[in-house]
Amino acid sequence: MGSDREDPILTNLQRVDHNIQSYETIKHIIQSSAEGFIVKAETSNNDTKHFFVKYVEPKKYRHKVWADLRRTIHYTRTEVRFYNEILPMLKVHVKDDWPICPTVYLAEYNVEGLMDENESTEAKEVVRSDSSTTSCTNTNPRYNENDISILEGKYGVLVLDNMCVDNHCFQRAPLPLNMALTSVAALAKFHATAFQNEDILSKVSERLCRYGGSFHLKNRNPKEMQHLVGAWEGFIRDIGPEAPSGFFEDVKMQNLGRRVFEAAEYVSRELSPLPVEPFATIVHGDYKAMNIFFKGDDEEEPSPTPILIDFASTGVGLGASDLAMHIAHVALPEDLDNGMEEILFEKYFTSLQDALPDAAKNVYSEEEAKRHFRFGTVDYFRFILGRQWNGATLDVFAERNKDTNFAMVNRSIDAALHFAKRVDVYLRGIEIEMKQKHCRAVDK
């Protein structure tokens, strides 16, 4: 039913309320992997209802190579499963009446024939003729890029509350400090619902993403890694003239792309706990400002706990990965100069301790959490450099600055330079750690 060719939006609205006779699209949001519709529906009883509908038709993305189309399909499957299977488990562990996300009226998908129901989001490995293995996401025996008939009738659909109209919510990006403090506190509460909970995390690993995060190395197209060195060289060439004098004088900064490449696997492993390992939790996976609704009519004093959306990349990981991405998305350079990163980390850590059950309090030291945050920052930089900064110019940054969905490090040259500088510092410590571990291994 969700794939009705004439009007899938009306069809699915009527599944939520059979009295709905018509609707008006207030806003149509086109994203790279889905379409969103803010709609006003009219019923036979002359009632007006407001919804947000998210619809994914894989055939609309047939221009993508299989690696990227496969990820699009995984996104919709993961989000539907989160709402139907995981959200009820998390709500049991919320200490107050925080709903976590909007009311969900319908969550459904059909991708039969495109992938197995138990297929992981991880990029596949294939055996080559020389018996070696290599990551490969460009082939699939069930999909022929020259014959898209198998994409017909496949879909993913969500029908949710419209947070802005009925719930007096708003969004904003970037975030001033007062709002960022509430966003990281909400993030900590979300992480606390499954922190070191093996039962929940095993289910999350099985049904959502074994490696949580849209930017996790295991979930990305391997080609992005190949771009790191060249992307950084291009950044220095095209963006470098905007940097302060001497910014790129240090050899380590000049070689940042190569250093990130060489550390990427180690960094990713350190951020990829099994469900049974210490500090593992559920991670949102795409915790940007535009995936948060702040409640209230006054942006100066938003409600203490925002509402979260878009769980298409949710899986198992370390909470610091979400935090690192979030700060890269929401912080202005001048706020970073005034200590915003340190303030937000402290707020996150204390909020996590407050939200954890008594048995889990104080098992996660602040020192360990800071280490994970430094790793998460470097890891997110790896994604930004390979995916977003490859070929970026001043004009590209200027164009992206018009879109609040982009991270500040993709919109502002100053934010990008701050990001690179922080990564250089954090990576130096990681490189020392890697060298020490290597030496110990050799000694054995």
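Keep in mind the model is a prediction, meaning the values are calculated, not measured.
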Specify the closest pair of heavy atoms between [X] and [Y], including all atoms of both residues, with the distance to one decimal.
| X | Y | result |
| --- | --- | --- |
| Leu151 | Pro58 | CD1-O, 4.0 Å |
| Ile200 | Thr193 | CD1-O, 3.7 Å |
| Phe349 | Tyr364 | CZ-O, 3.3 Å |
| Ala407 | Ala328 | CB-O, 3.9 Å |
| Lys54 | Asp310 | NZ-OD1, 3.5 Å |
| Leu385 | Ala231 | O-CB, 3.4 Å |

Just wondering, do [Y] and [X] contact through their side chains at under 4.5 Å, heavy atoms?
| X | Y | result |
| --- | --- | --- |
| Val423 | Thr377 | yes |
| Arg371 | Glu433 | yes |
| Leu181 | Leu344 | yes |
| Phe345 | Lys370 | yes |
| Ile29 | Lys27 | yes |
| Glu119 | His74 | yes |
| Val363 | Gln196 | yes |
| Lys154 | Glu57 | no |

Query raised in the report: Any salt bridge (Lys or Arg N to Asp or Glu O under 4.0 Å) pairs touching residues 388-401, not counting sequence neighbours?
Result: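 Qualifying pairs: Glu399-Lys402.
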Query raised in the report: If you look only at pairs with a residue in residues 314-324, which of them pass as a salt bridge (Lys or Arg N to Asp or Glu O under 4.0 Å), with sequence neighbours excluded?
Result: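 For residues 314-324: none.
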Quick one: pull up [atom1] in [X] and [atom2] in [Y] and give me the separation to the nearest 0.5 Å.
| X | Y | atom1 | atom2 | result |
| --- | --- | --- | --- | --- |
| Ser268 | Arg382 | OG | CZ | 6.5 Å |
| Glu233 | His227 | CD | NE2 | 13.0 Å |
| Glu277 | Leu201 | CD | CG | 11.0 Å |
| Lys421 | Asp250 | NZ | CG | 11.5 Å |
| Cys164 | Ile38 | SG | CD1 | 6.0 Å |
| Leu352 | Glu366 | CG | CD | 11.5 Å |

[X]: what forms a side-chain contact (heavy atoms from CB on, under 4.5 Å) with it, not counting sequence neighbours?
| X | value |
| --- | --- |
| Ser214 | Tyr75, Asp286, Ser313 |
| Val267 | Ala263, Leu271, Phe375, Val378, Asp379, Ile430 |
| Glu85 | Arg81, Lys203, Arg207 |

Query - Test ring pair (Phe, Tyr, Trp, His ring centres under 6.0 Å) applied to Tyr83 and Phe311, step by step - result: CA-CA 8 Å; Tyr83 287 123; Phe311 298 89; 5.8 Å; yes
Between [X] (side chain only) and [Y] (backbone N and O only), is there a donor and an acceptor less than 3.5 Å apart?
| X | Y | answer |
| --- | --- | --- |
| Asn255 | Arg258 | no |
| Glu224 | Gly386 | no |
| Tyr61 | Ala34 | yes |
| Lys361 | Gln353 | yes |
| Ser183 | Ala180 | yes |

Query raised in the report: Taking everything shown except Lys347 itself, do over 12 heavy atoms lie less than 6.0 Å from its NZ?
Result: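 No.
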Report task. Assess whether atom CD of Glu117 is packed by more than 12 heavy atoms of other residues, nucleotides or ligands within 6.0 Å. Result ->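 Yes - once you tally the heavy atoms of other residues, nucleotides and ligands closer than 6.0 Å, there are more than 12.
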Query raised in the report: Which class fits the ring pair Phe248 and Phe235: parallel under 30°, tilted 30 to 60°, perpendicular over 60°?
Result: perpendicular
Query raised in the report: What class does the angle between the rings of Tyr348 and His191 fall in, given that below 30° is parallel, 30 to 60° is tilted and above 60° is perpendicular?
Result: perpendicular
Report task. Give me the one residue out of Phe190, Tyr287, Phe373 that meets ring pair (Phe, Tyr, Trp, His ring centres under 6.0 Å) with His326. Result ->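 Going through the options one by one, the only one that passes is Tyr287.
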Residues forming a side chain to side chain donor-acceptor pair (under 3.5 Å) with [X], sequence neighbours excluded:
| X | answer |
| --- | --- |
| Lys437 | Tyr266 |
| Trp232 | none |
| Arg259 | Asp424, Glu431 |
| Asn338 | none |

Query raised in the report: What do the steps show when you test Phe294 against Ile307 for side chain to side chain contact (heavy atoms under 4.5 Å, CB included), and what is the final call?
Result: CA-CA 7 Å; Phe294 295 89; Ile307 301 297; over 6 Å; no
Query raised in the report: Taking the six-membered ring for Trp, is the centroid-to-centroid distance between Tyr55 and His28 below 6.0 Å?
Result: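 Judged by ring-centre distance (under 6.0 Å), Tyr55 and His28 do not meet the cut-off.
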Query raised in the report: Between Val80 and Leu158, does a side chain to side chain contact (heavy atoms under 4.5 Å, CB included) hold up when you go through it step by step?
Result: CA-CA 7 Å; Val80 168; Leu158 299 170; 3.9 Å; yes
Below 3.5 Å, can you tabulate the donor-acceptor pairs from side chains in residues 89-103 to any protein atom, sequence neighbours excluded?
unit_1, atom_1, unit_2, atom_2, d
Lys95, NZ, Asp354, O, 3.0
Lys95, NZ, Leu356, O, 3.0
Asp96, OD1, Trp98, N, 3.0
Asp96, OD1, Lys189, NZ, 3.3
Asp96, OD2, Lys189, NZ, 2.7
Trp98, NE1, Pro306, O, 2.8
Thr103, OG1, Asp161, OD2, 3.4

Report summary line: So the ring-ring contact (aromatic ring centres under 6.0 Å, His included) pairs with at least one residue in residues 204-226 (sequence neighbours excluded) are Tyr211-His216, Phe215-Tyr380
Query - Selection residues 411-444 - residue pairs positive for ring-ring contact (aromatic ring centres under 6.0 Å, His included), sequence neighbours left out - result: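 Found Phe381-Phe419.
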Report task. For side chain to side chain contact (heavy atoms under 4.5 Å, CB included), just list the numbers for Leu69 and Leu114, CA-CA rounded to whole Å, side-chain angles, deciding distance to a tenth of an Å, and then say yes or no. Result -> CA-CA 10 Å; Leu69 177 58; Leu114 292 175; over 6 Å; no
Query - Glu79 versus Tyr109, side-chain donor and acceptor atoms under 3.5 Å - result: no
Query - Short side-chain donor-acceptor distance under 3.5 Å, Lys64 and Thr72 - result: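 Lys64 and Thr72 do have a side-chain donor-acceptor pair below 3.5 Å.
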